[in-house]
Amino acid sequence: MKKLLIVVDMQKDFIDGALGTKEACAIVSPAADYIKKAMDEDVEVVFTRDTHHEDYMDTQEGKKLPVPHCIEGKVGWEICDELMPLAEGKLIFDKPTFGSVKLQEYVAREGFDEITLLGLCTDICVISNAMLVKAALPEASVRIVGSCSAGVTPESHDNALKAMSMCQIEII
């Protein structure tokens, strides 16, 4: 069985930076433990990284969310310190928007049987990438580690988990 773990946007700006939350801070250590366990079990691990540029405020997203964040090359764009050693040597998909089409293409090309996602933010980027992955491989088992993910708010996190569950994405 070919397995993949996707670590979504575990970046400094989403944890304790421009858009950080206490819920995001709380999942860093459990996420690190989950990633290490997956690596020990020879599960392939990839990362995504929200990637914006200096013109962020002129983009559609910037106009709707006027908080500069994850600007490429800045500290907030970096994967958090605790997870950075786990990301070394791994594929990292830099994405200019919520979901990564390049990740979707990769998953479809590689043909995984089981795909697990965790990270930030459940209600924006995790759900977007989960839906893209599910569309790419409708017969694959797609799962979300709810305890290693956090949303913009606890309520929106729960709503996103419910929405994904309705789309036959398992919440573990």
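Values below: every heavy atom of this structure, side chains too, minus hydrogens, waters and symmetry copies. Model, not experiment: these values are computed from the prediction.
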Can you check whether Ile127 reaches Thr122 side chain to side chain, under 4.5 Å on heavy atoms?
no

What distance separates Glu44 CD from Ile115 CD1, expressed to the nearest 0.5 Å?
10.0 Å

Flag side-chain contact, heavy atom, 4.5 Å: Thr51 against Pro96:
no

State, with a plain yes or no, whether a side-chain heavy atom of Lys95 is found less than 4.5 Å away from one of Asp9.
yes

Looking only at heavy atoms, the pair that brings Lys2 and Gly111 closest together is CD-O, 4.0 Å

By salt bridge (Lys or Arg N to Asp or Glu O under 4.0 Å) - contacts of Lys102 (at least two apart)
none

So does Leu132 get a backbone contact from the side chain of Gln104, meaning a donor-acceptor N/O pair under 3.5 Å?
yes

Return the CD1 to CG distance between Ile71 and Asp50, rounded to the nearest 0.5 Å.
9.0 Å

Shortest non-hydrogen contact from His53 to Glu72?
NE2-OE1, 2.9 Å

Looking at every heavy atom in both Ser156 and Gly151, which two are closest together, and how far apart are they?
OG-C, 4.3 Å

Taking only distance into account, with no hydrogens and no angle test, what donor-acceptor pairs under 3.5 Å do side-chain atoms of residues 136-145 form with protein atoms, sequence neighbours excluded?
residue : atom : partner : partner atom : Å
Arg143  : NE   : Thr116  : OG1          : 3.1
Arg143  : NH2  : Tyr34   : OH           : 3.4
Arg143  : NH2  : Thr116  : OG1          : 3.2

Under the criterion side-chain contact (heavy atoms from CB on, under 4.5 Å), I'd like the reasoning laid out for Glu41 against Lys3: C-alpha separation, chi angles, the key distance, then a yes or no.
CA-CA 10 Å; Glu41 296 172 359; Lys3 297 180 181 183; 5.5 Å; no

To check you understand the geometry: which heavy-atom pair defines the closest contact between Gln11 and Cys70, and what is its length?
NE2-SG, 3.6 Å

Got a salt bridge between Lys74 and Asp13, using NZ or NE/NH1/NH2 to carboxylate O under 4.0 Å?
no

Determine whether Asn129 and Ile6 make a side-chain contact, defined as any pair of heavy atoms from C-beta on separated by less than 4.5 Å.
no

Expected list for residues 159-172: side-chain donor-acceptor pairs under 3.5 angstrom, two or more places apart:
residue : atom : partner : partner atom : Å
Asn159  : ND2  : Glu155  : O            : 3.4

By the ring-ring contact (aromatic ring centres under 6.0 Å, His included) test, which pairs, at least two apart or in different chains, include something from residues 73-102?
Phe93-Tyr106

Can you confirm whether Glu110 sits close enough to Leu4 that some side-chain heavy atom of one is under 4.5 Å from a side-chain heavy atom of the other?
no

Same apolar cluster: Val101 and Val46, side chain cutoff 4.5 Å:
no

The complete set of ring-ring contact (aromatic ring centres under 6.0 Å, His included) pairs with one or both residues in residues 5-28, sequence neighbours excluded, reads Phe14-His69

Is Met131 reachable from Val8 through a run of I, L, V, M, F, W or Y residues, each pair having side-chain heavy atoms under 4.5 Å apart?
yes

Does the side chain of Glu114 reach to within under 4.5 Å of the side chain of Val43, using non-hydrogen atoms?
no

Please report the shortest heavy-atom distance between Ile27 and Gly119, naming the atom on each side.
CD1-O, 4.1 Å

Looking only at atom types and distance, does a side-chain atom of Ser149 sit under 3.5 Å from a main-chain N or O of Gly146, one as donor and one as acceptor?
no

Would you name the heavy atoms of Lys12 and Val75 that are closest together and state the gap between them?
CD-O, 3.4 Å

First locate atom CG of Leu120, then atom CE of Met10, and finally report the distance between them rounded to the nearest 0.5 Å.
5.0 Å

Any non-hydrogen side-chain atom of Ile79 less than 4.5 Å from a side-chain atom of Ile92?
yes

Less than 4.5 Å apart, any side-chain heavy atom of Leu5 and any of Met39?
no

Heavy-atom count around Gln60 CD within 6.0 Å, excluding the residue itself: above 12?
no

With the 4.5 Å side-chain cut-off for hydrophobic clustering, are Phe47 and Leu118 part of the same group?
yes

How long is the gap from SG on Cys148 to CD1 on Ile35, to the nearest 0.5 Å?
8.0 Å

With sequence neighbours left out, the residues meeting salt bridge (Lys or Arg N to Asp or Glu O under 4.0 Å) with Asp94 are Arg49

